[in-house]
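Notes follow the structure.
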Amino acid sequence: MGLNLKPLVISNPIRISDLVGKVVAVDAFNVIYQFLATIRGPTGDLLTDTHGEPTSHLSGLFYRNINLLCDGVKMVYIFDGEPHELKAKEINRRKKAKEEASEKYNLAIEEGRMDDAKKFSQGTSILTSKMIEESKYLLSLLGIPYINAISEGEATAALLSKKDLAYSCVSQDYDSILFGAKRLIRNLTISGKRKIPNKNAYIDIVPEIIEYDQVLKINNITHEQLVDIGILIGTDFNPNGFNGIGPKNALKLIQKYKKLEDIEKIKDELSNTPYKEIREIFLNPNVANIEDLNIQFKDLEKEKILKYLCDEKSFSMERVANYLRRLEKNVIKKSESLDKWF
DNA sequence: CTCGCTGA
DNA sequence: TCAGCGAGG
């Protein structure tokens, strides 16, 4: 799951009101997986419609996006395309991890350990192509544009930020910074309090922003060197990184030796790592031409949303209508306060 | 994810 | 008034 850059970055809290009118490029898979992990019933089951089809992804997308739209944030969702072939190992590892989580989940259900069941269920989420299509459909009804990336979604999100078509990327993972994104916002689509695992305590989750320039500056490194650090720690394209090297160590090594080829003690391991190819993935990512990306923000289609979510997906008419009304009021209020200036 | 209820 | 919990789908 991404790479652990946390110890090497500075993150500053950001208020959602700082994002009014700004475009953010959202890592769609990352966000939807989060909804699938968190939006579950007391024993870890997903929300479903009357046919038993999962609806947790739609619930999360609907409520979260309406709130962000109310706050005046403009989202563009970026969906992953074909993964790079070097990602096969990582994809396989995730698949195995899910199978293991499913076994633990089933056993916990069988033995009536419902707390455990809920815990293990979070690791079992599978994002089907049907769920992806449903998510895209709901986004289009909400008037929120989305882009189908050629390959890694985070590469395309980073491109939007580099070209100032977006102010920032949005993801929990740090990969977009390696792709050269100017900014990354974390914790935008999760909110409030989170329980600390196995403890009876809660922490406040607040949105935070990470600046690319600042990351390079405080560590006194270049973009190329940041990518090399990522390769040492381990990326999706070389999942485990190098033996015994964590973020702090990786930084020290690159600060001292400047590049992977000059680090004597990793020579053998390096010869077994396609590091040149991985560098290329991050430094010359496979993305569309910026002119070919058609991003249009539209009005939401109220009737169609009600029809889709309530008639087809078993959402409560009252709740959905309430939410849509709240957004409408907000839009009116915003335009009124704007009118006062003229 | 979010709402709505509940008990301090 | 508000954190915490259960339900929604």
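Keep in mind the model is a prediction, meaning the values are calculated, not measured. Sequence lines set the chain letters: A, B, ... in the order given, protein chains first and strands last, and positions in each chain run from 1.
- No side-chain donor-acceptor contact under 3.5 Å links A:Asp49 and A:Ser314.
- Separating the CG atom of A:Asp204 from the P atom of C:dG4 is a distance of 10 Å, rounded to the nearest angstrom.
- Counting heavy atoms from C-beta on, the side chains of A:Lys22 and A:Val73 never come closer than 4.5 Å.
- Going from atom CG of A:Leu69 over to atom P of B:dT2 covers 12 Å, rounded to whole Å.
- The shortest distance between side-chain heavy atoms of A:Asn65 and A:Ile144 falls below 4.5 Å.
- Per the geometry, CG belonging to A:Asn322 stands 7 Å off P belonging to B:dG4, to the nearest Å.
- Under 3.5 Å, the side chains of A:Asn67 and A:Tyr323 contain a donor-acceptor pair of N or O atoms.
- Between the CG atom of A:Leu324 and the P atom of B:dC3 there is a distance of 13 Å, rounded to whole Å.
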Dump every N/O contact between nucleotides 6-9 of chain C and the protein below 3.5 Å, one line per pair.
unit_1	atom_1	unit_2	atom_2	d
C:dG9	OP1	A:Ser316	N	2.5
C:dG9	O3'	A:Thr55	OG1	2.8
C:dG9	O3'	A:Lys313	O	3.0
C:dG9	N2	A:Leu46	O	2.5
C:dG9	N2	A:Leu47	N	3.2
C:dG9	N3	A:Thr48	N	3.2

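- Within the nucleic acid shown, A:Phe62 has no heavy atom closer than 4.0 Å to any nucleic acid atom.
- Interatomic distance, NZ of A:Lys258 versus CD1 of A:Ile263, reported as 11.5 Å (0.5 Å rounding).
- Applying the salt bridge (Lys or Arg N to Asp or Glu O under 4.0 Å) rule to A:Asp292 yields no partners; only residues at least two apart in sequence or on another chain are considered.
- Within 4.0 Å of A:Thr189, counting heavy atoms only, lie sugar-phosphate atoms of the nucleic acid but no base atom.
- Across all strands shown, A:Asn67 has heavy atoms under 4.0 Å from sugar-phosphate atoms exclusively, and none from any base.
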